[in-house]
Novice: 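First the structure, which I've put down as structure tokens, then a few questions once you've had a look.
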Amino acid sequence: MVVGSGGREHALAWKIKKDNPTAELFAIPGNGGISEIAKCIPLFAEKPEQIVDIAIQNNIGFTVVGPEVYLTAGITDEFTKKNLKIFGPSKKGAMLESSKLFAKEFMKRNKIPTADFEVVDNYNDGVGVLEKRAFPCVVKYDGLAAGKGVLVADNFNEAVDFLQKIYSDKIFGDTNNKVIIEDCLQGQEMSYLIFTDTMCFIPMAPAKDYKRIFDNNKGPNTGGMGCYSPPFFFSDKLESRIQQEIVFPTLSGLAKENIDYRGALYFGLMLTRQGPYLLEYNVRFGDPETQVILPRLESNLLDIMEATAEQSLKKCSAEWSNKKSLAVILASSGYPGEYKTGKEITNIEKTKTSDVVIFHSGTKKEDGKILTAGGRVLAVAATGDNFEEIRQKVYRAVDIINFEGKYYRKDIGLESFI
Ligand code: AMP
Ligand code: GLY
């Protein structure tokens with residue numbers, strides 16, 4: 001059973017089905033694309049107890065969790081209590097993502113390179129810290145904020161406005177009032193993910209995500225507008241530094257602090273002149289990283305996830321294809337602000353060649369039609385020998401698919417060969 005409803009979950013379901021064609025697959029709640037390969041159960045709450053009941057009723061042998069909200073709500077702890085097998089960290093482990101402050105203090109304790117930071121819990125102290133800071137600097141709300149909790153502020157006024165939104169307008173609610181103010185790091189950003197059972201790890205193929213809405217990385221941050229793997233600047237030497245300086249200290253920190261972590265761990269990195277720095281942890285697969293990583297995985301994903309959950313990852317290995325992989329997100333115009341949904345999507349079936357795959361994010365099936373149902377609608381993904389050729393395949397399919405308000409970035413992967 002796959003829990004979640006995005007492109008990441010479609011990619012997980014697609015890969016599981018590809019490796020295990022006879023597997024009976026379920027999804028909660030799933031989406032229009034997932035419903036073609038799995039039985040979707042329309043539960044739109046993140047309550048772990050209800051999902052446990054569904055797992056028991058349907059005799060589910062294994063569950064993989066996509067979004068962090070379920071992990072933060074303790075789904076893994078509830079499944080484990082009932083002896084149900086699940087892929088994803090415990091509630092404690094999920095704090096590496098659900099509390100940025102917990103994550104930063106964990107990094108500091110375990111000597112993991114990260115931007116220097118200060119913490120405040122009210123507006124006046126925040127302004128006081130900002131008065132002494134150089135700009136740009138980064139202001140981060142401590143709790144989960146659906147990707148909207150971070151501002152890279154170019155100047156004092158912008159930073160103060162954000163503090164006002166947090167403390168006066170309470171845009172993230174008022175149960176958590178902590179804010180982190182940190183140095184702004186310069187460099188290339190990339191995503192490095194691993195499978196880990198706390199004792200050992202298997203690296204995934206590295207990826208580069210495009211977070212901004214407009215070409216040339218302009219405009220506001222989004223959940224991710226496209227992705228490619230591997231990043232053109234990636235090398236064995238860089239990977240070895242990432243593992244030595246960031247991955248190993250993280251795993252020994254988890255063990256030392258008795259944090260049971262069995263799942264995917266995502267390191268959001270900034271490659272600075274001083275070496276790799278850790279911006280953040282995510283306690284799950286990335287979206288859209290998964291849509292480019294899994295097409296490169298030649299091994300059986302379910303075997304690796306089961307070994308992770310059983311803490312026998314040491315006995316497992318993963319084979320990655322030498323092919324390259326790229327995905328472009330089709331979004332509803334207006335995203336990440338307001339946008340319309342319910343628009344019919346046509347011509348998806350006309351794009352189905354052997355190596356273009358369409359992963360659904362915000363879609364739903366109604367009366368046999370596929371309709372838009374979210375900001376990020378589809379990911380068009382393909383693999384190949386070089387990015388020039390892959391981009392041609394992907395953008396050809398992007399042109400064929402139609403829906404009112406279709407928006408996408410035109411520069412995904414371009415930097416890798418220009
Ligand atoms: P986060 O939610 O922590 O991943 O932050 C969102 C985005 O803000 C990151 O993907 C980076 O692009 C940017 N960011 C976060 N922290 C920093 C930092 N210390 N320096 C520069 N950019 C940052
Ligand atoms: N692509 C960024 C994330 O999954 O958080």
Side-chain angles (χ1 to χ4, degrees), residues 4 6-9 11-12 65-69 71-72 94 96-104 107-108 112-118 133-154 158-159 162 172 179-193 204 206-213 217-229 231 263-274 276-294 327-329 331 336 359 361 375-376 379 409 412:
R8 164 185 50 208
E9 288 75 23
L12 286 164
V65 185
E68 62 279 10
V69 276
L71 298 163
T72 299
L96 287 178
E97 179 167 359
S98 64
S99 167
K100 289 193 188 294
L101 184 55
F102 177 82
K104 291 290 290 190
M107 293 174 210
K108 209 164 140 188
I112 296 161
T114 191
D116 279 338
F117 66 100
E118 291 171 81
R133 281 257 153 190
F135 287 87
C137 85
V138 186
V139 184
K140 298 186 172 183
Y141 176 68
D142 177 37
L144 287 183
K148 299 199 169 69
V150 175
L151 176 78
V152 179
D154 286 327
E158 241 179 71
F162 192 54
F172 304 123
V179 166
I180 295 162
I181 298 175
E182 70 179 36
D183 291 349
C184 185
L185 302 173
Q186 307 292 339
Q188 279 278 7
E189 224 180 306
M190 66 162 289
S191 312
Y192 190 74
L193 286 85
M204 297 191 208
K208 169 88 194 241
D209 178 21
Y210 288 72
K211 290 185 197 290
R212 303 295 186 103
I213 186 74
N217 304 322
K218 299 277 185 320
N221 262 336
T222 69
M225 292 301 293
C227 216
Y228 74 92
S229 168
L265 182 54
Y266 169 135
F267 301 88
L269 303 176
M270 185 73 92
L271 307 177
T272 72
R273 282 191 192 180
Q274 287 74 40
Y277 271 60
L278 185 57
L279 293 178
E280 60 159 354
Y281 293 109
N282 290 321
V283 297
R284 49 170 175 78
F285 290 100
D287 189 339
E289 284 86 344
T290 309
Q291 292 92 307
V292 297
I293 290 174
L294 292 185
V328 171
I329 300 290
F359 296 117
S361 301
R376 290 191 292 172
R409 274 182 66 158
I412 307 302

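Each ligand, and each atom within it, is numbered from 1 in the order the structure gives. By convention here, the first residue in the shown sequence is residue 1. Computed from a predicted model, the values in this text were never measured in an experiment.
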Novice: Is any side-chain heavy atom of Pro67 less than 4.5 Å from a side-chain heavy atom of Arg8?
Specialist: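 In short, these two side chains touch, coming nearer than 4.5 Å.
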
Novice: Is the shortest heavy-atom distance from the side chain of Leu271 to the side chain of Met190 under 4.5 Å?
Specialist: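 Yes, at least one pair of side-chain atoms sits under 4.5 Å.
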
Novice: Is Lys108 positioned over the aromatic face of Phe117, cation under 6.0 angstrom from the ring centre and no more than 45 degrees off axis?
Specialist: yes

Novice: Number the atoms of ligand 2 from 1 as they appear, then name those within less than 4.0 Å of a heavy atom of Gly286, with their elements.
Specialist: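 In order of number, 4 (O).
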
Novice: Please determine if Arg133 and Glu118 form a salt bridge, counting it only when a charged side-chain N lies under 4.0 Å from a carboxylate O.
Specialist: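 A salt bridge links Arg133 with Glu118.
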
Novice: Relative to the heavy atoms of Glu289, which atoms of ligand 2 are at a distance of less than 4.0 Å?
Specialist: 1 (N), 2 (C), 4 (O)

Novice: Using a 4.0 Å cut-off to any heavy atom of Asp209, which atoms of ligand 2 qualify?
Specialist: 1 (N), 2 (C)

Novice: How long is the span from the NZ atom in Lys104 to the CD1 atom in Ile112, to the nearest 0.5 Å?
Specialist: 11.0 Å

Novice: Using a 4.5 Å cut-off on heavy atoms from C-beta on, say whether the side chain of Asn221 contacts that of Pro336.
Specialist: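 SC-SC contact between Pro336 and Asn221 ruled out.
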
Novice: Going by the atom numbers of ligand 2, which of them fall below 4.0 Å from some non-hydrogen atom of Gly223?
Specialist: 1 (N), 2 (C)

Novice: Which pair of non-hydrogen atoms, one from Pro288 and one from Cys227, has the smallest distance, and what is that distance?
Specialist: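 Reported closest heavy-atom pair: CG-CB, 3.9 Å.
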
Novice: Where do Leu269 and Leu278 land on the side-chain contact (heavy atoms from CB on, under 4.5 Å) test, with the steps shown first?
Specialist: CA-CA 5 Å; Leu269 303 176; Leu278 185 57; 3.8 Å; yes

Novice: Ligand 2 and Asp287, any nitrogen or oxygen pair closer than 3.5 angstrom?
Specialist: yes

Novice: Tell me if the aromatic rings of Tyr266 and Tyr281 count as close, with their centers under 6.0 Å from one another.
Specialist: no

Novice: Is the contact between Arg284 and ligand 2 made by the side chain, the backbone, both, or neither, using heavy atoms and a 4.0 Å cut-off?
Specialist: side chain

Novice: Please say whether Arg8 places an N or O atom under 3.5 Å from an N or O atom belonging to ligand 2.
Specialist: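 In fact, backbone or side chain, Arg8 has no N or O that close.
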
Novice: Taking non-hydrogen atoms within less than 4.0 Å of ligand 1, which protein residues qualify?
Specialist: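 These residues qualify: Lys100, Ala115, Val138, Lys140, Val150, Val152, Glu182, Asp183, Cys184, Leu185, Glu189, Lys211, Asn221, Met270, Leu279, Glu280.
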
Novice: Compare all side-chain heavy atoms of Arg376 with those of Asp287 and state whether any distance is below 4.5 angstrom.
Specialist: yes

Novice: Measuring from non-hydrogen atoms of Phe285 to any atom of ligand 2, is the shortest distance under 4.0 Å?
Specialist: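 No.
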
